[in-house]
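Reading through the structure tokens given below for one structure.
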Amino acid sequence: MDTAPRLGANDVTFRSATEADVDVLVPLIESAYRGDSSRAGWTTEADILQGQRTDPRGVLDVIESPVSKLLTVERTGEIVACCQLEHRGEHAYFGMFAVSPALQGAGLGKVIMAEAERTAREAWGVREMHMTVISVREDLIAWYERRGYRRTGKMTPFPYGDERFGIPQRDDLQFELLVKPLG
């Protein structure tokens with residue numbers, strides 16, 4: 001989807017999320033992955049998962065964690081994207097990545113990834129970024145590969161039966177670990 005105008009680092013600002021942002025962040029994250037609104041972008045999981053992607057408690061837990069940062073991305077004063085960074089010893093974990101469906105395909109994801117990697121390197125001195133992606137999300141995995149992430153083949157089971165992660169629509173879901181060295 002390349003219908004949105006191209007966006008660069010000068011078009012957005014980054015800051016750490018606060019408790020006051022939770023009521024904006026939860027619907028943003030949901031809109032990027034679940035339900036009909038997510039179909040406006042390309043990151044939708046609506047065909048493989050229903051139910052929630054996160055909830056206010058899950059977002060607040062990330063904000064309040066002493067080892068995590070939830071970066072918000074603002075454009076003209078409005079939160080349009082976010083991502084989680086978590087310090088895990090020698091590496092950082094990247095997750096809870098959401099871009100407003102209306103802005104997907106505008107280059108914003110690349111800008112956010114670069115800022116997240118820079119932030120993790122500078123804040124924690126880590127040498128690698130790790131993330132997990134549902135293994136059947138080939139288009140999303142390919143996008144991360146173009147950003148320098150590599151598939152490891154290391155899989156962890158999807159938490160079937162725990163509706164905090166959604167309601168699976170198929171029985172073959174698992175998470176694959178992707179890794180990128182940070183120079």
Side-chain angles (χ1 to χ4, degrees), residues 1-2 4 6-17 25 28-29 32-33 38 41-45 48-49 53-54 58-59 61-63 65-75 79-101 103-159 165-166 172-183:
M1 294 201 139
D2 282 330
R6 303 306 293 168
L7 296 173
N10 294 331
D11 298 313
V12 295
T13 57
F14 294 88
R15 66 174 175 80
S16 292
L25 290 167
L28 169 70
I29 295 164
Y33 291 96
S38 70
W42 69 274
T43 62
T44 184
E45 295 174 341
I48 60 172
L49 290 163
R53 174 70 158 76
T54 192
V59 172
D61 286 348
V62 173
I63 292 170
S65 170
V67 297
S68 284
K69 296 177 183 290
L70 187 58
L71 292 181
T72 62
V73 184
E74 293 182 345
R75 180 176 182 230
I79 296 174
V80 296
C82 67
C83 67
Q84 170 194 9
L85 297 172
E86 184 176 313
H87 187 206
R88 295 185 177 176
E90 295 284 315
H91 70 272
Y93 178 80
F94 179 84
M96 210 175 277
F97 186 25
V99 175
S100 169
L103 295 176
Q104 291 177 19
L108 188 53
K110 296 173 195 172
V111 172
I112 295 166
M113 293 292 301
E115 178 64 14
E117 291 163 4
R118 184 197 66 75
T119 298
R121 238 185 354 261
E122 290 182 8
W124 301 313
V126 295
R127 296 187 195 123
E128 282 187 338
M129 186 78 83
H130 290 196
M131 71 173 72
T132 55
V133 179
I134 297 173
S135 64
V136 299
R137 298 290 318 275
E138 294 293 337
D139 55 343
L140 186 58
I141 291 171
W143 187 87
Y144 286 125
E145 287 178 312
R146 290 191 300 274
R147 312 274 100 55
Y149 287 80
R150 66 174 174 77
R151 299 180 86 156
T152 64
K154 294 179 183 172
M155 303 291 183
T156 54
F158 186 87
F165 298 96
D172 62 343
L173 301 182
Q174 55 187 342
F175 294 106
E176 182 171 0
L177 175 66
L178 277 60
V179 175
K180 179 180 181 178
L182 301 178

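Just so you know, these numbers use all the heavy atoms, side chains as well, and skip hydrogens, waters and symmetry mates.
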Under 3.5 Å, side chain of T72 to main-chain N/O of R15, donor-acceptor pair present?
yes
If you look at every heavy atom in M129 and A120, which pair is closest and at what distance?
CE-CB, 4.0 Å
Here the gap from C83 atom SG to I29 atom CD1, rounded to the nearest 0.5 Å, amounts to 10.0 Å
Check whether S65 reaches the backbone of D61 with its side chain - one donor and one acceptor, N or O, closer than 3.5 Å.
no
Nearest heavy atoms of L173 and I48, plus distance in Å:
CD1-O, 3.9 Å
For R75 and L103, work out which heavy atoms get closest and say how close.
NH1-CD2, 3.6 Å
Drop me the distance from L177's CG to M155's CE, to the nearest 0.5 angstrom.
9.5 Å
May I ask you to test the W143-K110 pair for a side-chain heavy-atom distance under 4.5 Å?
yes
What's the separation between atom CZ in F94 and atom CD in Q84, rounded to the nearest 0.5 Å?
9.5 Å
How close do V62 and S68 get, heavy atom to heavy atom, and via which atoms?
O-CB, 3.5 Å
Is there side-chain contact between H130 and V179, with at least one heavy-atom pair below 4.5 Å?
yes
Once you round to the nearest 0.5 Å, how far does OG of S16 lie from CG of L71?
6.0 Å
To the nearest 0.5 Å, tell me how far L178 CG sits from I141 CD1.
6.0 Å
Please determine if E145 and R137 form a salt bridge, counting it only when a charged side-chain N lies under 4.0 Å from a carboxylate O.
no
Within the structure provided, determine whether V73 and V111 are in side-chain contact (heavy-atom separation under 4.5 Å).
no
Min side-chain heavy-atom separation F158-S135 under 4.5 Å
no
Backbone of G153 reached by a side-chain donor or acceptor of E176 within 3.5 Å:
yes
Tell me if the CZ atom of R118 is crowded by more than 12 foreign heavy atoms within 6.0 Å.
yes
What's the spacing between Q174 CD and T156 OG1 if we round to 0.5 Å?
8.0 Å
If you count the non-hydrogen atoms of other residues, nucleotides and ligands that lie under 6.0 Å from CD in E90, is the total more than 12?
no
R127 vs L182 side-chain heavy atoms within contact, under 4.5 Å
no
Do Y149 and V133 come within less than 4.5 Å of each other through their side chains, counting heavy atoms only?
no
Over all atoms of both residues, closest heavy-atom pair of F175 and P157:
CD1-O, 3.8 Å
Do you know which two heavy atoms are closest between A81 and L108, and how far apart they sit?
CB-CD2, 4.4 Å
What I'd like to find out is whether the side chain of F14 reaches to under 4.5 Å of the side chain of T119, using heavy atoms alone.
no
Taking side chain as C-beta onward, heavy atoms only, is M96 less than 4.5 Å from V59?
yes
Would you say T132 and Y93 are linked by a side-chain donor-acceptor pair, where the criterion is simply a distance under 3.5 Å?
yes
